[in-house]
Amino acid sequence: MTLILQVFYSIFSGVMLSAAIPNELYKFGAPLLSFIAITPFYFTIRYLCKNYRQAFWCTFIQVITTHLISSFWLAYFKDFAIFTLGASALGTALIGACMGILFYLPYSRNTGLKTCQKKWENRLYSELNNFSLQKPFYEHTSFRIFWFAIVYTFWEWVKSSGFLGYPWGTISSAMYRFSSFTQIAAITGTYGITFLTILFNCLLAEGAILFVQAQRIQSSDIQIKRDFFFELKTSASVFIILFSLSLFYGSHQLNLKRKPIKTLTTIMVQQNQNPWDTKNDDDAILKSEQLTKKQIDLLEKEGKKAQLIVWSEGSLMKAMPDSYSHYKNHPKEKSLISFIKECKTPLLTGGPLFIWNEDGKGGKYYNAAHLFDGEGNYRGSYSKLHLVPFAESIPGIDNPKIKALMLKIVGISAGWHKGRKLTYFDIPCSNYNGYDSDGKAFESAIESINIQLTKEQQKELSKEGPTVKICTPICFDDSFSDVIRPLYLNGAELFINITDDSWSLKDSSEIQHFVVASYRAIEYRTTMIRSANAGYSVVLDPTGRVIADEPLFTDYSLTYDVPVYQRVLTPYAVFGNWLPYLCIIISFFTTVLMYKSFVKTDFIPSERKLKNKKHKKHSKKK
């Protein structure tokens, strides 16, 4: 019966967490569910598992359930479905299962309970009646609650980092709608959100079980009960203080009036073109041109001019810069370069980049963002830094045989290489009050942000006009702090993400990616533009709130005066992932202490062993 309950509660926890994460029913997630989703899993590890093997498999079941349900749309990734869904689910679950051993560590030694393993209720009764303040630190309720929250935070960092990183299916991805809580990401990253949410789950599990079972247990010492619940109350008090401070900070940030120093009038185009059905890019380019022209005409009626046009990832299929001459003549109805010249506006778009080897024999392909200036000149590119494992990045792809096989099966995307440098683009923009030809408005903006410049320098800047330094993370890039943080620290003023999730065909896929990316705006208090092929195309302010958006899976274009704010160094920007690193340090030293305690315990003979030894000695004498 216990094994059935282990499996049931593990699956139930995975289902609830999947329901909390943005899905087809709850488009932007259900934050309240995440406060109870891990409770059944905690109960399983805490009371139902009898050994490390069971903890390993219970964690495996919980993780793979969450992954398969919340990320089912990975199966639509054409020929790579076996990798994107199957292999990712198995790999994530195995890593999680290894973390299950850490989850179970404090519960592996249940002093005084070794004769009560058959039924978990007996363990509860015995634990209360055998309560002692003198027991080892790892058997105290307060320690076990915080231990589970620390290890789970460590786990979410592991699954969200490195080559195999996949920051979907996390607690923080379910919390987008709880905006007053998510603001602490500027201090702790998403991991502070995870820690506090899991802490509440653990408190809920312990509290519910102890209060119910304590009523059924006849204890001769009432003080023991009080001491037993004192630990729970203390842990709850710590949670209430931390959570209240988080909400107070979040409310302050949401109500804080931020005045932009610059604006960038941006046209965002969503061409809604399925990449699997596209044999050439002529149709996609023509559709993008039509949608762009629509916005340009609207701006002309208002007496305004666009300052940047943004198309999505993969809008171009020919590799730049060698294909520049191709786009001078294609599409035949209206070539790309001639269209840019007519618009007289810089264009940022996605497409392949090919760089020749030094010997001129062969080269490498990169998934890149390309910038054309208002005259149609090619100005440069940014290459994607974090590739999708086993889809965009194939281990051993430089081997000619493997490369030929993958190119034959799935085409050019199998040959992507990782970008090697941080790239920025300076785009002419306006100050917040509008840029005047005589420079007066720009000079007042300079004064308002307390930049000390000479009059000659101010005049020179007034002639050229202000610019905004943008970085252009591509698709998966915007989900990783190890990509965005260096881009920000080296001077980015505005994040512009171009992506293409249209192959997923599901709203939940688009929203999940958006939610994960939205935390980058909060972490660095920086405006973010997301221009996607089929959505979710949005403009986010520094609190992660949507200030402009486009409907999903619809041909659409939008113009918005994107606000650019004064750069600030948030605690997260300065210290990075300090919280998961702290969790790692605490986990390591606590594990060492527990191990030493376990060794000592193993060398202390039990009463039964002492009786056996006396019996043997007595038999020998006879």
Quick test of your reading: applying ring pair (Phe, Tyr, Trp, His ring centres under 6.0 Å), list the pairs with at least one residue in residues 471-499, sequence neighbours left out, ordered by first then second residue. W168-F476, H386-F476, H386-F480, F476-F480, Y488-Y524
Pairs satisfying ring pair (Phe, Tyr, Trp, His ring centres under 6.0 Å), at least one member in residues 285-328, at least two apart: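 Listed by first then second residue: H326-H330.
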Any chance you could lay out the side chain to side chain donor-acceptor pair (under 3.5 Å) test for S338 and S335, step after step, and finish with the verdict? CA-CA 5 Å; S338 62; S335 73; 2.6 Å; yes
Please answer whether the main-chain N or O of [Y] pairs with a side-chain N or O of [X] as donor and acceptor at a distance below 3.5 Å.
X: E313; Y: D500; value: yes
X: N497; Y: P473; value: yes
X: E550; Y: S531; value: no
X: K305; Y: K344; value: yes
X: T570; Y: A573; value: yes

Can D561 and K304 be counted as an ion pair, charged N to O under 4.0 angstrom?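 Looking at D561 and K304, the cut-off is met.
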Do NZ/NE/NH1/NH2 and the carboxylate oxygens of E523 and R520 come within less than 4.0 Å?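 Result for this pair is yes, salt bridge flagged.
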Compute the ring centroids of Y536 and H513, then answer whether they are less than 6.0 Å apart.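 No, the ring of Y536 stays outside the 6.0 Å limit from the ring of H513, centre to centre.
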Decide yes or no on side chain to side chain contact (heavy atoms under 4.5 Å, CB included) for V269 and I267, but give the supporting numbers first. CA-CA 6 Å; V269 174; I267 297 176; 4.0 Å; yes
Can you sort out the partners of [X] under salt bridge (Lys or Arg N to Asp or Glu O under 4.0 Å), two or more places apart, ordered by chain and number?
X: K287; value: D555
X: E24; value: K27
X: R567; value: none
X: E493; value: K262

May I ask you to establish whether K334 and F339 are in a cation-pi arrangement, using a distance under 6.0 Å from NZ or CZ to the six-membered ring centre and at most 45° from the ring axis?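 No - K334 does not lie over the ring of F339 by the 6.0 Å and 45° rule.
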Non-hydrogen side-chain atoms of [X] and [Y] separated by less than 4.5 Å:
X: L264; Y: I427; value: yes
X: S70; Y: N23; value: no
X: I21; Y: I171; value: no
X: D478; Y: T499; value: no
X: L316; Y: L336; value: yes
X: F514; Y: R530; value: yes
X: Q307; Y: P346; value: no
X: T263; Y: V564; value: no

Regarding N533 and S312, do their side chains bring together a donor and an acceptor under 3.5 Å, going by distance alone? no
Is it the case that more than 12 heavy atoms not belonging to K294 sit under 6.0 Å from its NZ atom? no
Out of curiosity, L552 CG to S508 OG, how far, rounded to the nearest 0.5 Å?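 Between atom CG of L552 and atom OG of S508 there are 10.0 Å.
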How many angstroms lie between atom SG of C475 and atom NZ of K384, to the nearest 0.5 angstrom?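 So the gap between those two atoms works out to 4.5 Å.
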Carefully, step by step, assess K301 and D297 under the rule salt bridge (Lys or Arg N to Asp or Glu O under 4.0 Å). CA-CA 6 Å; K301 291 179 181 179; D297 291 342; over 6 Å; no
For the pair D426 and K469, evaluate salt bridge (Lys or Arg N to Asp or Glu O under 4.0 Å) and give the outcome as yes or no after the intermediate values. CA-CA 5 Å; D426 291 315; K469 189 174 185 179; 6.0 Å; no
H370: which of Y382, Y378, F425 passes ring-ring contact (aromatic ring centres under 6.0 Å, His included):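 Going through the options one by one, the only one that passes is Y378.
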For side chain to side chain contact (heavy atoms under 4.5 Å, CB included), just list the numbers for F181 and M175, CA-CA rounded to whole Å, side-chain angles, deciding distance to a tenth of an Å, and then say yes or no. CA-CA 8 Å; F181 182 35; M175 286 292 181; 4.1 Å; yes
